[in-house]
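Only heavy atoms go into these numbers, but all of them, side chains included; no hydrogens, no water, no symmetry mates.
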Amino acid sequence: KYMNKYNNKKVEVNGIKFPSQLEASYYEYLLEQQKQGIVKSFDMQVPFILLDGYELGERKVQPIKLVLDFVVEYADGRVQCHDTKGQVKPMDIVKKKLFESRYSEELIFIGKSIIDGGFVPHSVIEKGRKERKKLKDINKSNKI
C-alpha cells in the first residue's frame, strides 16, 4: 500500500483508487444512501477555481484550485459540497472561506465519529468533543 502526505493508505473500491480509507468509506456510504433513495446522485473529485490565475509583470501565476471529494445531490433536490477530512487544518479553513465566498455554497468537511453518529460534519464532531470535555471537567471538579 502506498502512503500519501498525511500517511493515509490508498484504498481501492469498485476499481476506484481513493487517497484514504475515510474517503473510500464515505463513497461506500453514499452508494448505500443512493440505494435507499436518500441520495439521487453524486460526483467525485470535482474541481473548483478558488482564485483565478494572473500575470504580474513577466510572471504568470497559476490559479488556486480545490478538488472536492464529493458533490452530492439529494432526492429532495438539495446539493451539498463535501470534503472528507480526518482532521481540519488551518489551510482547510482558508480554502473553505475562499470557496464559500466565490461560489456562495457551503463547503462541509465530513468526518467519521461513531460516538457522534457516523459520517457527520466536522462541526458536529467538534461540538460533541467540547460537550464531552465539559462533562469530564464537571465530573472532575465534583470529585474534589
Side-chain angles (χ1 to χ4, degrees), residues 1-140:
K1 300 257 178 190
Y2 299 100
M3 302 287 231
N4 70 11
K5 64 183 174 181
Y6 298 116
N7 292 325
N8 291 326
K9 288 183 179 163
K10 292 187 178 186
V11 181
E12 190 172 319
V13 177
N14 297 338
I16 303 167
K17 290 186 173 116
F18 293 91
S20 70
Q21 180 62 57
L22 177 64
E23 192 174 326
S25 295
Y26 193 62
Y27 164 75
E28 292 175 311
Y29 170 79
L30 287 176
L31 286 177
E32 188 56 40
Q33 295 278 290
Q34 203 171 20
K35 281 181 192 168
Q36 294 175 22
I38 298 164
V39 166
K40 181 179 177 186
S41 65
F42 61 91
D43 293 317
M44 300 186 302
Q45 300 301 304
V46 183
F48 290 89
I49 302 283
L50 297 180
L51 184 67
D52 293 318
Y54 57 93
E55 290 183 24
L56 192 59
E58 297 290 311
R59 187 169 57 112
K60 259 192 149 174
V61 179
Q62 296 298 310
I64 296 175
K65 298 176 184 174
L66 173 67
V67 178
L68 291 183
D69 296 334
F70 302 95
V71 175
V72 183
E73 182 181 358
Y74 290 90
D76 63 10
R78 286 177 300 131
V79 175
Q80 290 185 343
C81 300
H82 295 175
D83 215 25
T84 56
K85 298 279 179 207
Q87 61 186 61
V88 178
K89 297 179 176 49
M91 185 53 74
D92 297 324
I93 301 298
V94 171
K95 289 179 178 179
K96 175 181 171 73
K97 289 178 180 180
L98 286 168
F99 175 85
E100 291 176 346
S101 168
R102 181 161 191 154
Y103 295 100
S104 298
E105 290 285 336
E106 183 181 14
L107 170 53
I108 302 169
F109 294 133
I110 299 291
K112 187 172 185 182
S113 168
I114 302 304
I115 198 167
D116 294 308
F119 287 109
V120 292
H122 261 280
S123 57
V124 172
I125 295 171
E126 290 304 315
K127 186 177 176 193
R129 283 182 185 153
K130 282 181 185 172
E131 288 171 2
R132 287 189 292 279
K133 185 181 181 328
K134 224 186 267 181
L135 283 173
K136 190 175 173 185
D137 292 345
I138 289 169
N139 288 337
K140 270 186 187 175

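- Put simply, the side chain of Asn14 never gets that close to the backbone of Ile16: no donor and acceptor are under 3.5 Å apart.
- In this structure, Leu98 CG and Leu66 CG are separated by 9.0 Å, a value rounded to the nearest 0.5 Å.
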Side-chain donor-acceptor contacts of residues 113-129 below 3.5 Å, not counting sequence neighbours, with atom names and distances?
unit_1: Ser113; atom_1: OG; unit_2: Asp116; atom_2: N; d: 3.2
unit_1: Ser113; atom_1: OG; unit_2: Asp116; atom_2: OD2; d: 2.9
unit_1: Asp116; atom_1: OD1; unit_2: Arg132; atom_2: NH1; d: 3.0
unit_1: Asp116; atom_1: OD2; unit_2: Arg132; atom_2: NH2; d: 3.3
unit_1: His122; atom_1: NE2; unit_2: Lys85; atom_2: O; d: 2.5
unit_1: Glu126; atom_1: OE2; unit_2: Arg129; atom_2: NH1; d: 3.0

Mind listing the side-chain donor-acceptor pairs of residues 38-65 below 3.5 Å, one per line with the distance, residues two or more places apart or on another chain?
unit_1: Gln45; atom_1: NE2; unit_2: Glu23; atom_2: OE2; d: 2.9
unit_1: Asp52; atom_1: OD1; unit_2: Arg102; atom_2: NH2; d: 3.0
unit_1: Asp52; atom_1: OD2; unit_2: Arg102; atom_2: NH2; d: 3.3

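- Across every non-hydrogen atom of Val11 and Lys9, the tightest pair is CG2-O, 3.4 Å.
- Two residues are said to be in side-chain contact when any heavy atoms from C-beta on lie closer than 4.5 Å; Gln36 and Gln33 meet this criterion.
- Using bins of under 30°, 30° to 60° and over 60° for the plane-to-plane angle, the ring pair Tyr103/Phe99 lands in the tilted bin.
- When every heavy atom of Ala24 is checked against every heavy atom of Val13, the shortest pair comes out as CB-CG2, 3.9 Å.
- Side-chain contact check for Thr84 versus Phe70: some heavy-atom pair is nearer than 4.5 Å.
- For Lys96, the side-chain hydrogen bond (donor to acceptor under 3.5 Å, both in side chains) criterion is met by Glu100, not counting sequence neighbours.
- Here Tyr29 contributes atom OH and Ile110 contributes atom CD1; the two are 8.0 Å apart, rounded to the nearest 0.5 Å.
- Inter-residue side-chain proximity for Leu22 and Tyr26 is flagged as unmet; no heavy-atom pair is nearer than 4.5 Å.
- To the nearest 0.5 Å, atom CG of residue Leu68 and atom NZ of residue Lys95 are 10.5 Å apart.
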